[in-house]
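One structure below.
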Amino acid sequence: MRHFFSVIGGMGTAATESYVRLLNARTQAKKDQDYMNYILVNDATVPDRTSYILDHSQPSFYPDLLADIQQQSLLHPDFMVMVCNTAHYFFDDLQAATDVPLLHMPRIAIQEMCARYPEEQRIGLIATKGTIADGIYTHEIERTGREVVLGDAALQDQVMDLIYTYIKEQNVVNAALYHEILATMHDKFGVNVVVLGCTELSLAQEKAGDHPYQVIDAQSIIVDKTLALGRAFRESDAAGQALLKTMTD
């Protein structure tokens, strides 16, 4: 297979399935050959990312992801994408372990946020406790000169309940709870743009129906960027490398 990319997923599986479904739906294919060439690694046994970040006595997820990255590198994909925000805790180490470019989903999402909402200076962030603790999104947002608004402990408990109790444990999206979280961020904490810093939240965004709030959906954005990059590499190596440079610089 020529000109393909590798998807490092399974964190969790439902969110990864959402990424693949959106990728295929947005391809607008008219025949089999119009779809993207990719290899999906659904490594569902990767240890919980938040558990390790909050407590280093828990199993580290780095060895599993390192093995996935190294295995895929042997196949020489054009690039790789890791569809878990919290897993980017080890991004620099994983990128250093391979010559294959690894897309940085949070960084790309915040680049897109700045392009869509250049005037917004206070940015809401909802994510797992692990992503909040490791500062992945906080760093990316603050480096653009914007303020990060996290809400309070009660809101964070609601976010974790939505992600773990409903989506991960029961495989259902609690639309009412998701909409309540967004409403609280907007009404109580006064933010007009909310970054969804977890792929389960992206799944909630896909499944929960319409709402009036402005969100930056990292998974939806990386779907579009992946598709654009896959098409560029299919056109030529030069076109792919040129577009890749705009995403990794």
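Please read all numbers here as calculations on a predicted model, not as lab measurements. The analysis underlying the following values was restricted to heavy atoms, covering all of them including side chains, and did not include hydrogens, waters or symmetry mates.
Using a 4.0 Å cut-off between charged side-chain N and carboxylate O, R146 and E120 make no salt bridge. The residues E235 and R231 are annotated as not salt-bridged, no charged nitrogen and carboxylate oxygen being separated by less than 4.0 angstrom.
Across every non-hydrogen atom of T128 and M160, the tightest pair is CA-SD, 3.7 Å. Of all heavy-atom pairs spanning V159 and A127, the tightest one is CG1-O, 3.4 Å.
Close placement of the F61 and F90 rings is indicated, their centers lying within 6.0 Å of each other.
For D157, the CG atom counts as densely surrounded, since its 6.0 Å shell holds more than 12 non-hydrogen atoms of other residues, nucleotides or ligands.
Side-chain polar atoms of D48 and T50 form no donor-acceptor pair below 3.5 angstrom. Of the N and O atoms on the side chains of Y178 and Q205, at least one donor lies less than 3.5 Å from an acceptor on the other residue. Side-chain contact check for R143 and T138: no donor-acceptor pair (N or O, by modelled atom type) lies under 3.5 Å. Side chains of T13 and N42: a donor-acceptor N/O pair is present below 3.5 angstrom, by distance only. In the model, S18 has a side-chain atom that pairs as donor or acceptor with a side-chain atom of E206 under 3.5 Å. Side-chain contact, Q121 with E147: no donor N or O sits under 3.5 Å from an acceptor N or O. There is a side-chain donor-acceptor pair under 3.5 Å between Y137 and N85.
Rounded to the nearest 0.5 Å, atoms CG (L65) and CD1 (I8) are 8.0 Å apart. The CG atom of L203 sits 11.0 Å away from atom CG of L196, with the distance rounded to the nearest 0.5 Å. With rounding to the nearest 0.5 angstrom, the CD atom of Q241 is 8.5 Å from the CG atom of L229.
Side-chain contact between M247 and L243 is present, with heavy atoms from C-beta onward closer than 4.5 Å. Counting heavy atoms from C-beta on, the side chains of V223 and R26 come closer than 4.5 Å. Considering only heavy atoms from C-beta on, I163 comes within 4.5 Å of L201 through its side chain. Two residues are said to be in side-chain contact when any heavy atoms from C-beta on lie closer than 4.5 Å; T248 and H104 fail this criterion. With contacts defined as side-chain heavy-atom distances shorter than 4.5 Å, the pair Y52/Y62 does not qualify.
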Kindly list each side-chain donor-acceptor pair under 3.5 angstrom involving residues 72-82, sequence neighbours excluded, with atom names and distances?
| unit_1 | atom_1 | unit_2 | atom_2 | d |
| --- | --- | --- | --- | --- |
| Q72 | OE1 | S6 | OG | 2.8 |
| S73 | OG | I69 | O | 2.7 |
| S73 | OG | T98 | OG1 | 2.6 |
| D78 | OD2 | H3 | ND1 | 3.1 |

Acceptor/donor pairs from residues 33-41 side chains to any protein atom, 3.5 angstrom cut, sequence neighbours excluded:
| unit_1 | atom_1 | unit_2 | atom_2 | d |
| --- | --- | --- | --- | --- |
| D34 | OD1 | K31 | NZ | 3.0 |
| D34 | OD2 | K30 | N | 2.9 |
| D34 | OD2 | K31 | N | 3.2 |
| N37 | ND2 | R2 | O | 3.1 |
| Y38 | OH | N24 | OD1 | 3.1 |
| Y38 | OH | N24 | ND2 | 3.3 |

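In this structure, the side chain of Q170 engages the main chain of T165 through a donor-acceptor pair within 3.5 Å. For the pair Q214 (side chain) and N192 (backbone), a donor-acceptor distance under 3.5 Å is present. The backbone N or O of L103 sits nowhere less than 3.5 Å from a side-chain atom of Q95 that would complete a donor-acceptor pair.
T226 meets the side chain to side chain donor-acceptor pair (under 3.5 Å) test with Y19; sequence neighbours excluded.
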